[in-house]
Engineer: 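My questions will all concern the structure given below.
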Amino acid sequence: GGFRLSRPGKQRAVETIQRWLHWRIGLSAMAGAILPLAFAPLSAYPLALAAPALLFLLIDGQRPGFAARCGFAFGFGMFVFGTYWLYISVHHFGKAPLYIALPVMMSLIAVMAAWYSLLAWVCTRWLTGSASTRWLLSWPAAWVIGEWLRGWVGSGFPWLSLGYSQVDSPLAGFAPLAGVYGVSWATVLVAGG
């Protein structure tokens, strides 16, 4: 016969796999959390290349459901750190009590993170093919379509579109030609490369 694990060996193998999967979700959240540093005032624009590349690496070859969890973690980290000022606006300036301000902000963050969950699910469910096709064509296109939809459909919340992070980068030259979404596409294309 074949190689068989004992019951304790199977349990250890399952626990190891689960830990590795949890690390992928944690790394996805960290990648999302560093992405806002690419925007003003810090303007560390190379992070806008690293964060999507890390997300793509973490979801590549994963089941769509798990990729969706990684995408949600990425979006959650991104919007928690990228929109913290909303809490200040709602709680301090708007004088909303804490028990209202936090759920409002967390709801908005969850809705925005759902866009990245959907992106990761679509990428791993339908946009499969060779690595070069995925990383250089279909996934960058899906990212930009997701940004555009996020800015127009339902929420109308275009904050943290990648193109805005590239004002001081060599990719800024695409802005007059292709707009913010063209710069976002170029950014994700470079990240995929």
Side-chain angles (χ1 to χ4, degrees), residues 14-36 38-39 47-83 86 103-165 180-193:
V14 167
E15 289 170 359
T16 301
I17 291 169
Q18 287 174 338
R19 276 195 303 274
W20 173 239
L21 294 178
H22 288 298
W23 273 103
R24 282 181 181 257
I25 292 171
L27 285 173
S28 297
M30 287 174 30
I34 65 164
L35 184 56
F39 296 86
L47 293 176
L49 305 172
L54 183 55
L55 177 65
F56 288 171
L57 183 66
L58 292 169
I59 67 170
D60 198 21
Q62 299 300 310
R63 292 187 328 267
F66 180 74
R69 290 198 308 252
C70 288
F72 185 85
F74 179 88
F76 195 84
M78 179 173 137
F79 284 101
V80 161
F81 288 99
T83 61
L86 288 173
V104 165
M105 184 169 172
M106 288 299 124
S107 298
L108 177 66
I109 289 168
V111 168
M112 294 300 103
W115 284 102
Y116 290 91
S117 179
L118 178 62
L119 169 74
W121 186 84
V122 166
C123 285
T124 55
R125 174 70 172 100
W126 288 316
L127 303 178
T128 59
S130 70
S132 58
T133 301
R134 286 191 315 270
W135 286 56
L136 297 175
L137 294 176
S138 56
W139 290 9
W143 185 289
V144 173
I145 290 168
E147 277 190 358
W148 180 79
L149 288 171
R150 182 169 55 89
W152 287 94
V153 177
S155 64
F157 197 81
W159 276 280
L160 299 176
S161 290
L162 283 184
Y164 294 124
S165 70
V180 69
Y181 297 117
V183 178
S184 289
W185 174 79
T187 304
V188 182
L189 178 69
V190 172

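This chain uses plain numbering: 1 for the first residue, then up along the sequence.
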Engineer: What's the spacing between L162 CG and T187 OG1 if we round to 0.5 Å?
Structural biologist: 6.0 Å
Engineer: Starting at CH2 of W121, measure out to CZ of R63 and round the result to the nearest 0.5 Å.
Structural biologist: 14.0 Å
Engineer: Tell me, please, which residues at least two apart from S107 pass side chain to side chain contact (heavy atoms under 4.5 Å, CB included).
Structural biologist: none
Engineer: Looking at OG of S28 and CG of L54, how far apart are the two atoms once the value is rounded to the nearest 0.5 Å?
Structural biologist: 6.5 Å
Engineer: Taking atom CZ of F79 and atom CH2 of W115, what is their separation to the nearest 0.5 Å?
Structural biologist: 11.0 Å
Engineer: P140 and V188: which non-hydrogen atoms are nearest, and at how many Å?
Structural biologist: CA-CG1, 3.6 Å
Engineer: Any salt bridge (charged side-chain N to carboxylate O under 4.0 Å, His left out) involving residues 117-128? Give me the pairs, sequence neighbours left out, ordered by first then second residue.
Structural biologist: none
Engineer: List the atom of P64, the atom of T124, and the distance in Å for their closest heavy-atom pair.
Structural biologist: CA-OG1, 3.2 Å
Engineer: Any idea which heavy atoms bring A48 and A38 closest together, and the distance?
Structural biologist: N-CB, 3.7 Å
Engineer: Roughly how far apart are I145 CD1 and S138 OG, rounded to 0.5 Å?
Structural biologist: 10.0 Å
Engineer: How are the rings of W139 and W135 set relative to one another: parallel (under 30°), tilted (30 to 60°) or perpendicular (over 60°)?
Structural biologist: parallel
Engineer: What residues form a side chain to side chain contact (heavy atoms under 4.5 Å, CB included) with V144, not counting sequence neighbours?
Structural biologist: Y181, S184, W185
Engineer: Would you give the length of the straight line joining atom CE of M78 to atom CD1 of I34, rounded to the nearest 0.5 angstrom?
Structural biologist: 12.0 Å
Engineer: Would a distance-only check, ignoring hydrogens and angles, find a side-chain to backbone donor-acceptor pair under 3.5 Å from S117 to A68?
Structural biologist: yes
Engineer: Which residues pass the side chain to side chain contact (heavy atoms under 4.5 Å, CB included) test with W23, sequence neighbours left out?
Structural biologist: W20
Engineer: Answer yes or no: is there a donor N or O on one side and an acceptor on the other, between the side chain of S161 and the main chain of P158, under 3.5 Å?
Structural biologist: yes
Engineer: Provide the closest heavy-atom pair for G192 versus L136 in the form atom of the first, atom of the second, distance.
Structural biologist: C-CD2, 3.8 Å
Engineer: Between T83 (side chain only) and L86 (backbone N and O only), is there a donor and an acceptor less than 3.5 Å apart?
Structural biologist: no
Engineer: Do Y116 and F72 touch side chain to side chain, with heavy atoms closer than 4.5 Å?
Structural biologist: no
Engineer: For R150 and F157, indicate whether the former's side chain and the latter's backbone hold a donor-acceptor pair under 3.5 Å.
Structural biologist: yes
Engineer: Residues in side chain to side chain contact (heavy atoms under 4.5 Å, CB included) with M30, at least two apart?
Structural biologist: L27
Engineer: Please confirm whether the backbone N or O of T128 pairs with a side-chain atom of R134, one donor and one acceptor, at under 3.5 Å?
Structural biologist: no
Engineer: Which pairs count as salt bridge (charged side-chain N to carboxylate O under 4.0 Å, His left out) when at least one residue sits in residues 64-81, sequence neighbours excluded?
Structural biologist: none
Engineer: Looking at G75 and A113, what are the two nearest heavy atoms and their distance?
Structural biologist: C-CB, 3.6 Å
Engineer: For F81, does the CZ atom have more than 12 heavy-atom neighbours from other residues, nucleotides or ligands under 6.0 Å away?
Structural biologist: no
Engineer: Please report the closest heavy-atom contact between G82 and L160, naming both atoms and the distance.
Structural biologist: CA-CD1, 3.8 Å
Engineer: Can you check whether F74 reaches L35 side chain to side chain, under 4.5 Å on heavy atoms?
Structural biologist: yes
